[in-house]
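This one's a predicted model, so the numbers in the text were calculated from it and none came from an experiment. Each ligand, and each atom within it, is numbered from 1 in the order the structure gives.
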Amino acid sequence: MTTKQNVVRTRFAPSPTGFLHLGGARTALFSWAFARHHGGTFILRIEDTDLERSTPEAVQAILDGMEWLGLTPDEGPFYQMQRMDRYREVIQRMLQEGTAYYCYCTPDEVEAMREKARAAGLKPRYDGTWRPEPGKTLPDIPAGRKPVVRFRNPQDGVTAWNDMVKGPIAIDNSELDDLIIARPDGTPTYNFCVVVDDWDMRITHVIRGDDHVNNTPRQINILRALGADLPVYGHVPMILGPDGEKLSKRHGAVSVMEYDKAGYLPEAMVNYLARLGWSHGNDEIFSREQLVEWFDTRNLSKSAAQWDPKKLNWVNAHYIKHSTDTDLAARVAHRVAELGGDPQATDLPAVMALLKDRAETLNELAEGALLFCAPFTPADPELLAEYVDEDARVLLADFAAQARELADWTAEAIDALIKSLLAKHGVKMPKLGIPLRLVVTGRRQTPSIGAVLAILGRERVLERLG
Ligand code: GLU
């Protein structure tokens, strides 16, 4: 016997448009978390009926994005293009049952009807010419014309639902046209496919962007006409850019996978996306398991969330700081190689330990790692001339001599050596620190010098000191 606990079925139903965008990823995350919270089923459905945009690459981009975020569907992916026979079957059934009808008006005729209504100060709409009514005689079928199929929408009453996010919503049925559900060539239209899929897939909760609110009463009416159980709907507000406009490419990267490329951790992305429009008290950092445990649609926000790149960086920095050195090294190695470094040429986990407290992205870690594993570029001769004077050379020579003899080549031992040299020669840190950095690393600034030299290795340090 099934309990109420495990009958929850949610779906993410993206239209493949070339990539998985942040808004879609967040909707997917909420649907996934809701299903997981209730021990239910999360379904992936690809709405690929727009043949111009739906390329295999665009579908793959969505699958990649979902996989990267760890949003594994329990069922699917299902493809609408593979379900055409089923949609046609349902259309036939509706025609037979009288909940749908053929309409032979041309698009121009429908436009003229709309124009006429507008001119009369009414809402532009299809005038019901072909809508069958008891006792009504329909016009003669124009020869050779292919009809569309329209849904016979109820004309009276209201269609209402209690939205999980927005609360009660009611639309007068008189506001809704008799929607076209099949085109003259027989292909089903968008809202119709969604309805048949939600029905067939036994979806219990639809969580989606609030750009779909207008579709909902139409979908509910068709579901009712089919005798289907209605899912519960929740419409999540849009994500806005930092300027308050709808988040778009103008605001920077909107494709999830671009964040992978830019060095964000999927865990950080999931955490940050979940907080965009959902909250659990004041918690900012939480694991995937906590999200699942805490996820409740009552805590979804009614108002639009704003994309905040600084906060995302803060969250990412947190996850970097709390990752293990070996895990970071594994994630950073290919980035080092892409930048021209050789990740094998150094102790990458040790480099991560040195850098991870200050890095906001994996790419920053990779750039920082180049100091230890990219071909050495000596400092600018002018800088060398400025800082490596006669006194500095004496200091460096003494450093090299004692470094050769150090029992342990560790950050602590090197720091202690530097300290003793400063005391011996009666100079302050910059006097030795800057020339040492310039000669050994080619840079004026580096992380803690003892740690840097320890990772570089005694051999390389002595070789560069000459
Ligand atoms: N395919 C639609 C979109 O990508 C979503 C449809 C739905 O969730 O009902 O916006």
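- With rounding to the nearest 0.5 angstrom, the NE2 atom of His334 is 5.0 Å from the CD atom of Glu338.
- Between Pro124 and Ala117, the closest heavy-atom pair is CA-CB, 3.9 Å.
- At a threshold of 4.0 Å, the pair Glu364-Arg335 does not count as salt-bridged, since none of the basic side-chain nitrogens sits closer than that to a carboxylate oxygen.
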Please give the N or O to N or O pairs under 3.5 Å between ligand 1 and the protein, distances rounded to 0.1 Å.
unit_1: ligand 1; atom_1: 1 (N); unit_2: Ala13; atom_2: O; d: 2.7
unit_1: ligand 1; atom_1: 1 (N); unit_2: Ser15; atom_2: OG; d: 2.8
unit_1: ligand 1; atom_1: 1 (N); unit_2: Glu47; atom_2: OE1; d: 2.6
unit_1: ligand 1; atom_1: 4 (O); unit_2: Ser15; atom_2: N; d: 3.2
unit_1: ligand 1; atom_1: 4 (O); unit_2: Ser15; atom_2: OG; d: 3.3
unit_1: ligand 1; atom_1: 8 (O); unit_2: Arg11; atom_2: NH1; d: 2.8
unit_1: ligand 1; atom_1: 9 (O); unit_2: Arg11; atom_2: NH2; d: 2.8
unit_1: ligand 1; atom_1: 9 (O); unit_2: Arg208; atom_2: NH1; d: 2.8
unit_1: ligand 1; atom_1: 10 (O); unit_2: His212; atom_2: NE2; d: 3.0

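- Here the straight-line distance linking atom OG1 of Thr361 with atom OH of Tyr259 works out to 12.5 Å at 0.5 Å rounding.
- Closest of all the heavy-atom pairs between Phe30 and Val236 is CE1-CG1, 3.9 Å.
- By the neighbour-count criterion of 12 heavy atoms within 6.0 Å, atom CD of Gln445 is sparsely surrounded, having that number or fewer from other residues, nucleotides or ligands.
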